[in-house]
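Single-structure report; data block below.
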Amino acid sequence: MKTPITLIPGDGIGPSISHATVRILEAAGAAIEWDTQLAGLAGVARCGDPIPDATLDSIKRTKLALKGPLETPVGEGYRSINVALRTTFDLYANVRPAYSIVPGGRFGDLDLVLIRENTEGLYVGIEHYIRVGDDPRAAAESVALITRAGSERIVRYAFEYAAAHGRGKVTVVHKANILKYSQGLFLDTARMVARDYAGRIEFEERIVDAMAMNLVLHPERFDVICTTNLFGDILSDQISGLVGGLGLAPGANIGANGAIFEAVHGTAPDIAGKGVANPSALLLAACMLLEHIGDIERAKRVRTALEQTIRSGTTLTRDLGGTASTDEFTDAIIAKL
Ligand code: NAD
């Protein structure tokens with residue numbers, strides 16, 4: 001029986017890294033029936049809609065998607081499709097693991113997982129301009145919405161994730177010293193949830209600015225990190241930088257009724273169409289997807305082939321210091337498989 005999964009190739013480098021990922025999964029014998037759908041600029045170009053109904057219907061049916069990056073216009077135009085998909089399917093947990101693959105990096109043995117709240121905070125899209133005199137855009141106001149229920153489910157998710165993956169500590173990151181209400185509610189709720197795991201999983205709290213510094217100085221001190229939407233967005237890119245950059249950072253958006261797996265990076269317009277993008281982040285996201293559907297051994301095999309290819313150092317894409325094209329790198333991984 002093949003598992004039906006929605007495939008959104010995406011914009012920019014998306015189609016190229018999606019093609020590479022599908023080739024590798026096929027070579028590994030994954031039993032997947034892809035339902036390819038459009039979104040982002042590709043959706044606008046073909047259907048006049050950044051999230052066509054057919055794409056939403058497909059995800060409603062399969063409850064699983066592998067998604068390439070989507071372009072979001074900056075400061076104007078349609079709202080982020082990624083944010084809209086997370087909200088539509090209530091994918092409240094954004095899981096971003098990062099571990100050292102590239103040899104000789106500054107940190108040789110890191111293994112962190114950042115769990116970011118995905119549906120609340122400053123990303124709820126409640127914002128407006130305020131007119132002063134003749135200037136209709138004299139000021140702007142954005143609302144950071146934090147709820148007790150939303151905080152509880154993400155912190156509980158982080159503790160359950162730690163328990164399921166044999167991890168010993170959850171660090172909750174906040175700014176409750178300044179944002180006493182919104183961040184204060186998140187922190188209070190986290191402390192309450194942590195009591196249920198006392199004696200089993202260690203709990204610690206860090207203020208976000210100090211956390212940013214500590215992640216650069218002593219990242220090995222952290223294990224599972226849980227935080228609100230905006231801080232999670234920023235810290236997860238920072239963490240990906242500790243282990244070799246965005247080209248190696250996967251992410252999963254998980255909710256009670258669905259899951260969408262993606263690379264953390266964007267459409268990389270500077271290298272789109274040149275055939276040099278690194279498909280590793282999307283491939284690692286696909287490994288998370290395989291694990292999610294219970295195909296644990298295959299995920300391990302694909303991940304090992306990727307790690308061996310990178311560690312052997314002979315066939316690497318440019319972002320990893322090599323000269324290989326996306327296709328050559330993909331062929332090298334398939335050869336290892
Ligand atoms: P970006 O991640 O696309 O690129 C940042 C830098 O990293 C660029 O130099 C790029 O060449 C490099 N890079 C990224 N992925 C790479 C890969 N796989 N291989 C090699 N190099 C890679 O970030 P940006 O330039 O800020 O954003 C471009 C567009 O992507 C924007 O429209 C943004 O909204 C969108 N975006 C989408 C997602 C998503 O769909 N999940 C995430 C972030 C940004």
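The analysis underlying the following values was restricted to heavy atoms, covering all of them including side chains, and did not include hydrogens, waters or symmetry mates. These figures come from a predicted structure and were not determined experimentally.
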Worked check of side chain to side chain donor-acceptor pair (under 3.5 Å) between S58 and T6:
CA-CA 6 Å; S58 173; T6 305; 2.7 Å; yes
Side-chain touch R221/E204, heavy atoms, less than 4.5 angstrom:
no
How close do A286 and L25 get, counting heavy atoms only, and between which atoms?
CB-CD1, 3.9 Å
Qualifying side-chain hydrogen bond (donor to acceptor under 3.5 Å, both in side chains) pairs with a residue from residues 175-184, counting only residues at least two apart or across chains
K175-D209, Q183-T228
Polar side-chain atom of T267 near backbone of G12 as donor-acceptor pair, under 3.5 Å
no
Residue pair P69 / I13: nearest heavy atoms and the distance that separates them:
CG-CG1, 4.5 Å
Listing request: all salt bridge (charged side-chain N to carboxylate O under 4.0 Å, His left out) pairs with a residue in residues 28-47, at least two apart in sequence or in separate chains.
D35-R61
Can you sort out the partners of F159 under ring pair (Phe, Tyr, Trp, His ring centres under 6.0 Å), two or more places apart, ordered by chain and number?
Y197
Between NZ of K336 and CD1 of I24, what distance do you get to the nearest 0.5 Å?
13.5 Å
Approximate separation, where rounding is to 0.5 Å, of T227 OG1 and R116 CZ:
10.0 Å
Would you call I254 and L91 a side-chain contact if the rule is heavy atoms closer than 4.5 Å?
no
Which pairs count as salt bridge (charged side-chain N to carboxylate O under 4.0 Å, His left out) when at least one residue sits in residues 251-262, sequence neighbours excluded?
K67-E262, R86-E262
Residues A285 and P250: closest non-hydrogen pair is N-CB, 3.4 Å
Minimum heavy-atom separation for D90 to T119, with atom names?
OD1-CG2, 4.0 Å
Can you tell me how far apart OG1 (T309) and CG (L337) are? Round to the nearest 0.5 Å.
8.0 Å
Under 3.5 Å donor-acceptor pairs involving side-chain atoms of residues 271-283, not counting sequence neighbours:
residue, atom, partner, partner atom, Å
K274, NZ, D270, O, 3.0
N278, OD1, S280, N, 2.9
N278, OD1, S280, OG, 2.6
N278, ND2, D319, OD2, 3.0

Value rounded to 0.5 Å, distance of CG in D223 from CG in D111:
7.5 Å
Which heavy atom of E120 sits nearest to which heavy atom of L145, and what is that distance?
CB-O, 3.1 Å
Starting at CG of L242, measure out to CD of E220 and round the result to the nearest 0.5 Å.
10.0 Å
Would you sort out whether R23 and D331 count as a salt bridge (Lys or Arg N to Asp or Glu O under 4.0 Å), showing the intermediate values?
CA-CA 9 Å; R23 274 186 63 209; D331 291 342; 2.5 Å; yes
Of all the heavy-atom pairs spanning V302 and A28, show the shortest one and how long it is.
CG2-CB, 3.7 Å
When you compare the side chains of T330 and E328, does any donor N or O come within less than 3.5 Å of an acceptor on the partner?
no
Near K169 NZ, under 6.0 Å, is it more than 12 heavy atoms from other residues, nucleotides or ligands?
yes
To the nearest 0.5 Å, what is the distance between CD (E152) and CG (L185)?
10.5 Å
Name all residues meeting the ring pair (Phe, Tyr, Trp, His ring centres under 6.0 Å) criterion together with F261; count only those two or more places apart in sequence or in a different chain, and write none if there are none.
H292
Is L179 reachable from L122 through a run of hydrophobic residues whose side-chain heavy atoms are each under 4.5 Å from the next?
no
